[in-house]
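This report concerns only the one structure given below.
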There are 2 protein chains.
Amino acid sequence: MPAHGETRRRMLDAAVAVMREKGASGVTIDEVLARSGAPRGSVYHHFPGGRQALIRETLDYAGESYSGMLERAAARGPDAVVTRLVEFWTRVLLDSDYRAGCPVVATAVRPPDGNEVIGRRAAEIFAGWQLAVAGAFTRAGVPGRQSATAATTLLAALDGAVSLCRTTRSLAPLNDVAAVLPRLVTL
Amino acid sequence: MPAHGETRRRMLDAAVAVMREKGASGVTIDEVLARSGAPRGSVYHHFPGGRQALIRETLDYAGESYSGMLERAAARGPDAVVTRLVEFWTRVLLDSDYRAGCPVVATAVRPPDGNEVIGRRAAEIFAGWQLAVAGAFTRAGVPGRQSATAATTLLAALDGAVSLCRTTRSLAPLNDVAAVLPRLVTL
DNA sequence: GTCTATACGAAGATAGAC
DNA sequence: GTCTATCTTCGTATAGAC
């Protein structure tokens, strides 16, 4: 007897996990059902738009959670962003046995075949993150133009580090990058 | 009247392009045929092992070409590596309308579902790149331990930058990252 | 070496029973 | 809200003609 959106919630959590591992185009109804244990009849009940609707809601669901974390860290400055993100990704990588990455970047980089709209939506979400991090640099005294550059470099290096952690099945790339990042983005 | 392996070669080129955009799991026989214009009957003629064989040969084919470029650049030092890779990725991104990335990293990060072997093969290829770049740092006077860290950071930052270029449909992330990367040598 | 036809399986989507 | 067909599409693979 699931309460309000409990099945729905479980499906979204499962879909986020799949999207982390395989991107939006890897989110299949069958796998979400298998991982969530939800009944097949629930799919078109909770997501009348079918697979595309499920993917869209999964993307927003994942994006909002990450945005919240990033903005809270950004309020405490650029160093806090690095610290918090390294902490977060360490946990994600270990919990997934080095299989999970960022669902939003994965979706922006490679949208599902007949659906560029979802790719643009992912790009918008990412742009918000870039803005939040740039704000942290600005408040830390970095001139406006260079704040954007520093934010881009920080996010690029961390995203690449996560990819390399998945590739090497090790946390070393993340730690290597984190150790050097303060010098790369400081004047 | 195709000579020796001309059809085969065209199929491999097409497969590399698909692998750049969608990773190994996105390499389907149908799409390779469509892009290469090769006849359907050629598939099992040139690749008796079917799709898995095609993927494996595509990975090696792409990996060797990149390894060659990287080693030639590494022989000229860390700055030459950055310059050469930025040049290379600028062209790849523009030619593909920001759809293409690195086929080897894509395959290592997310191997096709029933085939972890290909993922390990991709990881090995990548490890060779890391070694080549670390050698360049060592020869430039960076102490051994830090050469590995610098190489990892360089490759991570560039890979992340390419992802962000695809996300933002712009070359800015690549140029932003390239501007600060030379500081790695002076650490 | 190349082409057509076909078998087979996976996955999305819909309809109808409970 | 949930479950069970069923239809369709797509992709892999094989067989057999040319």
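Just so you know, these numbers come straight off a predicted model, no measurement behind them. No hydrogens, no waters, no symmetry mates; every other heavy atom, side chains included, goes into these values.
Nearest to the side chain of B:Y44, among D:dT4, D:dT12, D:dT2, sits D:dT12. Between D:dG1, C:dT2, D:dT12, one nucleotide has an atom nearer to the side chain of A:H45 than all others, and that is D:dG1.
Between B:R121 and B:E116 there is no salt bridge, since no side-chain N of the basic residue sits under 4.0 Å from a carboxylate O of the acidic one. The pair A:E21-A:R35 counts as a salt bridge, with a side-chain nitrogen and a carboxylate oxygen less than 4.0 angstrom apart.
Separating the CZ atom of A:R40 from the P atom of D:dA5 is a distance of 12 Å, rounded to the nearest angstrom. In this entry the distance linking CG of B:L33 with C1' of D:dT12 reads 11 Å, nearest Å.
Looking at residues two or more places apart in sequence or on another chain, you find no salt bridge (Lys or Arg N to Asp or Glu O under 4.0 Å) involving B:R139. For A:D13, the salt bridge (Lys or Arg N to Asp or Glu O under 4.0 Å) criterion is met by no residue, not counting sequence neighbours. Under the side chain to side chain donor-acceptor pair (under 3.5 Å) criterion, B:R169 pairs with B:D97, not counting sequence neighbours.
Counting non-hydrogen atoms of other residues, nucleotides and ligands closer than 6.0 Å to CZ of A:R56 gives a total of 12 or fewer. Taking a 6.0 Å sphere around CZ of A:R9, one finds it holds 12 or fewer heavy atoms contributed by other residues, nucleotides or ligands.
Only A:T28, A:I29, A:D30, listed by number, bring a heavy atom of residues 15-31 of chain A to less than 4.0 angstrom from any atom of DNA chain C. Residues of residues 50-60 of chain B that place a heavy atom closer than 4.0 Å to DNA chain D, in numerical order, are B:G50, B:R51.
At the phosphate of C:dG1, neither OP1 nor OP2 sits under 4.0 Å from any side-chain N or O atom of B:S42.
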Using residues 62-69 of chain A as the side-chain source, report each donor-acceptor pair under 3.5 Å to any protein atom, sequence neighbours left out, with the distance given to one decimal.
from: A:Y66; atom 1: OH; to: A:W89; atom 2: NE1; distance (Å): 3.1
from: A:S67; atom 1: OG; to: A:G63; atom 2: O; distance (Å): 2.9
from: A:S67; atom 1: OG; to: A:W129; atom 2: NE1; distance (Å): 2.8

